[in-house]
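Heads up, the thing below is written out as structure tokens.
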Amino acid sequence: MTPPSGSPGPDGTADMDSTADFDSAQRLMTQFTAQLTIQLDRLGHSSRPGSRHDVRRGGRDRPPTLVAVAHGSRDPEALRTVTALLDRVRALRPGLPVRLGHIELNQPLLTDTLAALRGEAVLVPLLLSRGYHTKQDIPDAVAAAPHLAARIAAPLGPDPLLAEALHARLAEAGHRAGVPHGAGVAAPYGAGVAGVAAPYGAGGAGVAAPHGAGVAGVAASHRAGVVLAAAGSRDPDAAVDVARTAALLSARLGGVPVLPGYASGSGPTVPEAVRALAALGHDRIAVASYFTAPGRFAAQCANAAQGAGVTQCAHAAPRIAAAPLGAHPAVARLILRRYEQTLAFAPLSPPAATVGV
């Protein structure tokens, strides 16, 4: 993609040709995201009562129970947030039984929720990437409930709906991406900072930016950049999933570079990601909180967004820290999408299996 031909003036406006080029590129990215969302929706079932895609299978009057699997947190706001999110799910799908189970730290625990259920269930992890919880903890809990016919959905991320929710949370916090400007080195998705090339920023090392977005050698003021703050994991699949979300968010922001930063694990920390963006000339840096609900890691990343731990480059400390995904309507829709996709691809019958992980 050809980068914009002009640069914004002091008032933040650009020449007509530059604006047209940028608008055209932004429309293409928006169309791509919309088309991908439509295709993913077609994989599931509408499941409205009486529709030809009703999730009631084999003439059953009661659809399988949707069990939302949350991690759990000592922060009391986490449970309130997850409860509000599931209230949105119930409002979107009246008549669908929805239950909550936690992996740890909160009641009800997942094992207790499954023990109390009978019949059929679809477990939807409220987790944003693959990792130990999706590959070990949740399957173990299902194996301990042999009385259920159960399936495990893929985690919520990556998905364009999460990019939509992240974009909304950034906007609520006051972030305005603006138009990436200045002549720079064109870089494909995932071109690594510090000369490391990796698809979609594999291992959390790359900046997600479309072709033509100058991410190196750009001498321009007020350039926007975003750090996607995530929990982190030792599982390499988790880093791949987060980097894909960074690419989706970059596209949703119109090409603004998005670099993952982690609260744990082996990837770069949030302060390190901030410094990497600042080294590339970005001085309007925001932190997108890639967490389902408030908790220790979300608070830790928010503190970093306000400048904690970035004293070596205080001038680059971001001023915006978005709220976690929370009960955003797009997240509620995504939970139902995972439920429906699981029913579409794996008819319910024992033994339990994991879908898409």
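Everything numeric here is computed off the predicted structure, so don't read it as measured data.
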Kindly determine whether Arg130 and Asp235 satisfy salt bridge (charged side-chain N to carboxylate O under 4.0 Å, His left out), including the steps that lead there.
CA-CA 8 Å; Arg130 292 168 291 174; Asp235 189 322; over 6 Å; no
Check for a donor-acceptor pair, side chain of [X] on one end and backbone N or O of [Y] on the other, with a separation under 3.5 Å.
{"X": "Thr81", "Y": "Gly326", "answer": "no"}
{"X": "Arg252", "Y": "His167", "answer": "no"}
{"X": "Arg223", "Y": "Arg284", "answer": "no"}

Give the minimum heavy-atom separation between [X] and [Y], together with the two atoms involved.
{"X": "Pro64", "Y": "Leu343", "value": "CG-CD2, 4.0 Å"}
{"X": "Ala231", "Y": "Ser264", "value": "O-OG, 2.7 Å"}
{"X": "Val270", "Y": "Ala229", "value": "CG2-CB, 3.8 Å"}
{"X": "Pro260", "Y": "Pro268", "value": "O-CG, 3.7 Å"}
{"X": "Thr134", "Y": "Pro139", "value": "O-CD, 3.4 Å"}
{"X": "Ala238", "Y": "Ser233", "value": "CB-CB, 3.6 Å"}

Are [X] and [Y] side-chain neighbours, meaning at least one heavy-atom pair lies under 4.5 Å?
{"X": "Leu123", "Y": "Ile138", "result": "yes"}
{"X": "Val242", "Y": "Tyr262", "result": "yes"}
{"X": "Leu277", "Y": "Pro257", "result": "yes"}
{"X": "Leu126", "Y": "Val82", "result": "yes"}
{"X": "Ser250", "Y": "Val256", "result": "no"}
{"X": "Arg244", "Y": "Leu248", "result": "no"}
{"X": "Tyr290", "Y": "Leu249", "result": "no"}
{"X": "Tyr132", "Y": "Asp137", "result": "yes"}

Thinking salt bridges, do Arg74 and Glu104 make one under a 4.0 Å N-O criterion?
no
Under a 4.0 Å threshold between the charged nitrogen and the carboxylate oxygen, would Glu172 count as salt-bridged to Arg169?
yes
Pair Arg333-Glu164, salt bridge (charged side-chain N to carboxylate O under 4.0 Å, His left out): steps then yes or no
CA-CA 11 Å; Arg333 286 161 51 203; Glu164 187 65 31; over 6 Å; no
Apply the side chain to side chain contact (heavy atoms under 4.5 Å, CB included) test between [X] and each candidate in [options]; give the one that qualifies.
{"X": "Leu148", "options": "Thr65, Leu117, Val67", "value": "Leu117"}
{"X": "Leu127", "options": "Leu156, Thr292, Val69, Ile103", "value": "Ile103"}
{"X": "Leu166", "options": "Val258, Leu253, Val226, Thr245", "value": "Thr245"}

Would a hydrophobic clustering, with Ile, Leu, Val, Met, Phe, Trp and Tyr connected at side-chain separations under 4.5 Å, put Val98 with Leu336?
yes
Would you kindly confirm whether Leu105 and Leu128 end up in one hydrophobic cluster when ILVMFWY residues are joined by side chain heavy atoms under 4.5 Å apart?
no
Would you find more than 12 non-hydrogen atoms of other residues, nucleotides or ligands less than 6.0 Å from Arg234 atom CZ?
no
Distance (rounded to the nearest 0.5 Å) between [X] [atom1] and [Y] [atom2]:
{"X": "Asp237", "Y": "Ser129", "atom1": "CG", "atom2": "OG", "answer": "9.0 Å"}
{"X": "Ile285", "Y": "Leu259", "atom1": "CD1", "atom2": "CG", "answer": "9.5 Å"}
{"X": "Leu228", "Y": "Leu162", "atom1": "CG", "atom2": "CG", "answer": "10.0 Å"}
{"X": "Arg93", "Y": "Tyr339", "atom1": "CZ", "atom2": "OH", "answer": "8.0 Å"}
{"X": "Ile152", "Y": "Arg338", "atom1": "CD1", "atom2": "CZ", "answer": "14.5 Å"}
{"X": "Leu85", "Y": "Leu325", "atom1": "CG", "atom2": "CG", "answer": "9.5 Å"}

Audit row: Leu334, Asp159, side chain to side chain contact (heavy atoms under 4.5 Å, CB included) steps and yes/no:
CA-CA 8 Å; Leu334 180 54; Asp159 192 277; 3.5 Å; yes
What do the steps show when you test Leu110 against Leu114 for side chain to side chain contact (heavy atoms under 4.5 Å, CB included), and what is the final call?
CA-CA 6 Å; Leu110 177 58; Leu114 297 182; 3.9 Å; yes
Take Val287 and Ile320, measure what side chain to side chain contact (heavy atoms under 4.5 Å, CB included) needs, and give me the verdict at the end.
CA-CA 6 Å; Val287 172; Ile320 291 175; over 6 Å; no
Test log, rule salt bridge (charged side-chain N to carboxylate O under 4.0 Å, His left out), inputs Arg337 and Glu340:
CA-CA 5 Å; Arg337 173 184 291 172; Glu340 292 162 353; over 6 Å; no
Is the distance between the ring centroids of His71 and His102 under 6.0 Å?
no
